[in-house]
Amino acid sequence: MPYCEVDRYQSGDKWEGVRLFYRRYGRGATKVLLVVGLAGTHDSWGLQIKGLTGSVEPTDEDSAAATPRTDEEAGAAAAVDDGEGEGPGIEVCAFDNRGVGRSSILPHKSYYSTAIMARDALALMDHLGWKKAHVFGHSMGAMISCKLAAIAPHRLCSLGLLNVTGGGLECLPKVDGQMLSLAFRFLRAKTPEERAHVDLETHYTKEYLDEKLESCTRRAILYKEYVKNISASGMQSSCGFEGQVNACWTHKLTTKELDTIRGAGFLVSVIHGRSDIIAQLCHAKRLADRLLPAARMVDLQGAHLVSHERPEEVNNAMMDLIKATKSAMKPHEWSSQPENTSGLIVMGFEHMRNIVRVMKPVRVAAIES
């Protein structure tokens with residue numbers, strides 16, 4: 001299976017490796033790294049993987065992927081895999097963060113922080129031989145992506161933040177009767193069935209869940225899917241869950257880090273569900289404002305998993321960011337776009353650049369006598 005060793009830690013008298021499980025999808029010069037949120041696994045990105053590559057079938061070869069590249073091999077590959085190629089196609093990598101899924105479960109919360117997990121993602125990019133990539137993160141994954149952008153801004157083509165907050169106290173949801181009930185049920189959930197009921201109510205809007213699809217509601221369909229997926233991957237261990245919660249709680253972007261991201265030259269898209277009860281919209285808007293002029297705010301009808309509830313709109317927003325980056329759009333042009341016309345403006349911008357290229361005079365060298 002495709003694993004990447006990203007770190008080592010001391011366990012008693014010996015050192016253990018930290019391994020990330022990952023999958024690659026699609027093929028192309030454009031590289032996209034997807035960073036999942038708290039308690040999520042790589043397959044949570046299925047709708048975005050399908051939208052970006054046209055398929056959810058992994059393209060990595062287990063035998064080759066299981067053998068780490070040497071530094072020389074990774075360096076040679078990085079010379080080609082710069083993430084910004086003009087050729088057709090997109091290659092996507094999605095992975096399980098430390099503490100969940102098939103990746104290593106470390107025994108103490110001190111082994112988890114967004115900075116540590118950002119370095120995990122950076123090590124994975126090195127393992128893949130990717131010099132640069134478009135990085136998209138959801139929730140905790142968006143916090144990790146911010147840290148990655150601050151640590152290694154030269155490795156990012158663009159930055160997409162879905163349902164993000166600034167960490168710490170901003171991780172606290174709006175406290176009301178519904179949220180207290182959900183929190184109580186979440187902590188008591190011991191089976192996939194109990195966990196699925198809570199997850200549905202925190203991930204989606206009630207209107208979306210109650211929508212009738214043929215003979216039943218979407219809630220009934222999703223409930224079966226959630227139970228199946230949780231049963232297949234297993235309930236997250238207490239060590240992994242506590243560690244990832246610690247990463248969210250201790251996350252903070254310093255003024256220097258914000259300045260680094262804002263001044264790095266890449267474009268940023270902050271995508272959020274208006275009805276998110278976990279990550280409040282106001283915090284995402286505040287972060288987008290602090291990242292101006294590089295950032296553009298896109299708020300959509302939906303809840304915490306707006307990427308599932310409104311996949312076409314989220315995928316369009318992601319593609320807009322990739323296309324704008326390829327067009328070398330300036331940050332102030334990006335951030336000043338009206339949300340509902342972004343695709344048209346990117347297309348128009350590309351068209352104007354092509355016209356300029358055609359009209360640009362050809363410089364003819366003088367003939368030596």
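Side-chain atoms are counted along with the backbone in the values below, which use heavy atoms only and exclude waters and symmetry mates. Residues take their numbers from the sequence shown, with the count starting at 1. Remember, it's a predicted structure, so these values are computed and weren't measured experimentally.
- Put simply, the side chain of Q280 never gets that close to the backbone of E170: no donor and acceptor are under 3.5 Å apart.
- Side chain of E201 to main chain of L182: no donor-acceptor pair is present (N/O by atom type, distance under 3.5 Å, no hydrogens or angles).
- Remark: side-chain polar atoms of N246 are not paired, donor with acceptor, to backbone N or O of E242 under 3.5 angstrom.
- Using a 4.0 Å cut-off between a side-chain N of Lys or Arg and a carboxylate O of Asp or Glu, R24 and E91 qualify as a salt bridge.
- Between R98 and D7 there is a salt bridge, since at least one side-chain N of the basic residue sits less than 4.0 Å from a carboxylate O of the acidic one.
- Rounded to the nearest 0.5 Å, atoms NZ (K31) and SG (C157) are 10.5 Å apart.
- Cluster membership for L222 and V227, using ILVMFWY side-chain heavy atoms within less than 4.5 angstrom, is shared.
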(Q) Set out, in order, the CA-CA distance, both residues' side-chain angles and the distance that settles side chain to side chain contact (heavy atoms under 4.5 Å, CB included) for L209 and T217, then state yes or no. (A) CA-CA 7 Å; L209 291 173; T217 63; over 6 Å; no
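- What you find for L128 and C93 is that their closest heavy atoms are CD1-SG, 3.7 Å.
- Between L321 and S269 the shortest heavy-atom distance is CD2-CB, 3.9 Å.
- Classified by interplanar angle (parallel below 30°, tilted 30° to 60°, perpendicular above 60°), the ring pair H108/Y111 is perpendicular.
- Within 6.0 Å of atom CZ in R290, 12 or fewer heavy atoms from other residues, nucleotides or ligands are found, so the atom counts as exposed in its surroundings.
- The ring pair (Phe, Tyr, Trp, His ring centres under 6.0 Å) check on F184 picks up nothing, with sequence neighbours excluded.
- In this structure, the side chains of V306 and R274 stay at 4.5 Å or more apart for every pair of heavy atoms.
- Counting heavy atoms from C-beta outward, M143 and C171 have side chains that approach closer than 4.5 Å.
- Residues L52 and N315 form no side-chain contact, since every pair of their non-hydrogen atoms from C-beta on lies 4.5 Å or further apart.
- Atom NE2 of residue H197 and atom CZ of residue F186 lie 15.0 Å apart, to the nearest 0.5 angstrom.
- When the side chains of ILVMFWY residues are joined at heavy-atom separations under 4.5 Å, either directly or via intervening members, M140 and V6 end up in a single hydrophobic cluster.
- Using modelled atom types, no side-chain atom of E193 and backbone atom of Y223 make a donor-acceptor pair closer than 3.5 Å.
- Here the straight-line distance linking atom OH of Y3 with atom CG of D96 works out to 8.0 Å at 0.5 Å rounding.
- Under the 4.5 Å side-chain heavy-atom criterion for ILVMFWY residues, a single connected hydrophobic cluster contains both I49 and M319.
- Side-chain contact between L34 and M318 is present, with heavy atoms from C-beta onward closer than 4.5 Å.
- The closest side-chain heavy-atom distance from R188 to E194 is not below 4.5 Å.
- Panel note: side chain T205, backbone G302; no donor-acceptor pair is recorded below 3.5 Å.
- In summary, of the residues considered (T165, L161, V268), a side chain to side chain contact (heavy atoms under 4.5 Å, CB included) with L287 occurs for L161 alone.
- To the nearest 0.5 Å, the span separating CG on L300 from CG on D276 amounts to 12.0 Å.
- Under the ring pair (Phe, Tyr, Trp, His ring centres under 6.0 Å) criterion, H42 pairs with F21, sequence neighbours left out.
- Atom CZ in R218 sits 4.0 Å away from atom CD in E211 (nearest 0.5 Å).
- By the 6.0 Å and 45° rule, R296 stacks over the aromatic ring of W334.
- Taking the side chain as every heavy atom from C-beta outward, F136 and Q48 never approach each other to under 4.5 Å.
- Remark: the backbone N or O of S44 is paired with a side-chain donor or acceptor of H308 at under 3.5 angstrom.
- Residues meeting the ring pair (Phe, Tyr, Trp, His ring centres under 6.0 Å) test with H283, sequence neighbours left out: none.
- Residues R155 and D126 form a side-chain contact, since some pair of their non-hydrogen atoms from C-beta on lies under 4.5 Å apart.
- Taking all atoms of both residues into account, the shortest heavy-atom contact from I261 to L291 is CG2-CD2, 3.9 Å.
- Of all the heavy atoms in P293 and S335, the pair that sits closest is O-OG, 3.0 Å.
- W249 and M117 fall into different hydrophobic clusters, defined by Ile, Leu, Val, Met, Phe, Trp and Tyr side-chain heavy atoms under 4.5 Å apart, directly or through other members.
- No side-chain heavy atom of N229 sits under 4.5 Å from any side-chain heavy atom of T41.
- Counting only distance, with no hydrogens or angles, the side chain of T53 and the backbone of K50 share no donor-acceptor pair below 3.5 Å.
- Checking S139 against H304 by side-chain atom types alone, a donor-acceptor pair falls below 3.5 Å.
- Side-chain N or O atoms of T260 include one that pairs as donor or acceptor with a backbone N or O of K256 at under 3.5 Å.
- The two atoms that bring V36 and F95 nearest to each other are CG1-O, 3.9 Å, heavy atoms only.
- In this structure, D120 CG and S103 OG are separated by 8.5 Å, a value rounded to the nearest 0.5 Å.
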Q: Could you walk me through whether K147 and E257 pass salt bridge (charged side-chain N to carboxylate O under 4.0 Å, His left out), step by step?
A: CA-CA 8 Å; K147 282 294 182 182; E257 288 174 324; 3.0 Å; yes
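- In summary, the side chains of H203 and Y226 do present a donor paired with an acceptor at a separation below 3.5 Å, with no hydrogens or angles considered.
- Side chain of D176 to backbone of M179: a donor-acceptor contact under 3.5 angstrom is found.
- No side-chain donor-acceptor contact under 3.5 Å links Y204 to the backbone of R219.
- Residues Y112 and M235 are members of separate hydrophobic clusters, defined by side-chain heavy-atom contacts under 4.5 angstrom among Ile, Leu, Val, Met, Phe, Trp and Tyr.
- Among all heavy-atom pairs drawn from A284 and H272, the shortest one is CB-ND1, 3.3 Å.
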